[in-house]
Amino acid sequence: MNNTHFDEAWNDIKETWNGSARAEEINLEVSVLIAELKSKVSPFEKQSIKDDIELIKRNTSQFEKDSIDRDLQLISKSLKKFMELFKK
């Protein structure tokens, strides 16, 4: 996946999310959940997750990366359209 496409898709999703009426409330709740999760994960689990992510990155074919890129673009466009419906 091209980093530029990934960054653009991610920024689109963040902009849509932050434009939501409940974004601040949801962000606070998610932040609390993330902090709680981080506090309960052992160093061994953290290292195992990092190792798994690296393994996945090394073994992902270009076809799979392109497919993920297309899926992210579709999700981003669909999310924008969905949010536009709620703004009307």
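Just so it is clear, the values below take in all heavy atoms, side chains as well, and ignore hydrogens, waters and symmetry mates.
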Inter-residue atom distance [X].[atom1] - [Y].[atom2], 0.5 Å rounding:
| X | Y | atom1 | atom2 | answer |
| --- | --- | --- | --- | --- |
| Ile53 | Arg58 | CD1 | CZ | 12.0 Å |
| Leu74 | Leu79 | CG | CG | 11.0 Å |
| Lys77 | Lys80 | NZ | NZ | 9.0 Å |
| Lys81 | Ser76 | NZ | OG | 11.0 Å |
| Ile34 | Ser39 | CD1 | OG | 12.0 Å |
| Leu33 | Glu29 | CG | CD | 7.5 Å |

Are Ser61 and Glu64 close enough that a side-chain donor and a side-chain acceptor fall under 3.5 Å?
yes
Hydrophobic cluster partners of Leu37 (side-chain heavy atoms under 4.5 Å)
Val41
Closer than 3.5 angstrom, by distance alone: can the side chain of [X] be matched with the main-chain N or O of [Y] as a donor-acceptor pair?
| X | Y | value |
| --- | --- | --- |
| Ser48 | Phe44 | yes |
| Asp69 | Lys65 | no |
| Thr60 | Ile56 | yes |

side-chain hydrogen bond (donor to acceptor under 3.5 Å, both in side chains) filter on Ser78, not counting sequence neighbours, yields none
Please assess Glu45 against Ser42 for the test side-chain contact (heavy atoms from CB on, under 4.5 Å), listing each intermediate value before the final yes or no.
CA-CA 5 Å; Glu45 290 168 318; Ser42 72; 3.3 Å; yes
Regarding Glu54 and Lys50, does a basic nitrogen lie under 4.0 Å from an acidic carboxylate oxygen?
no
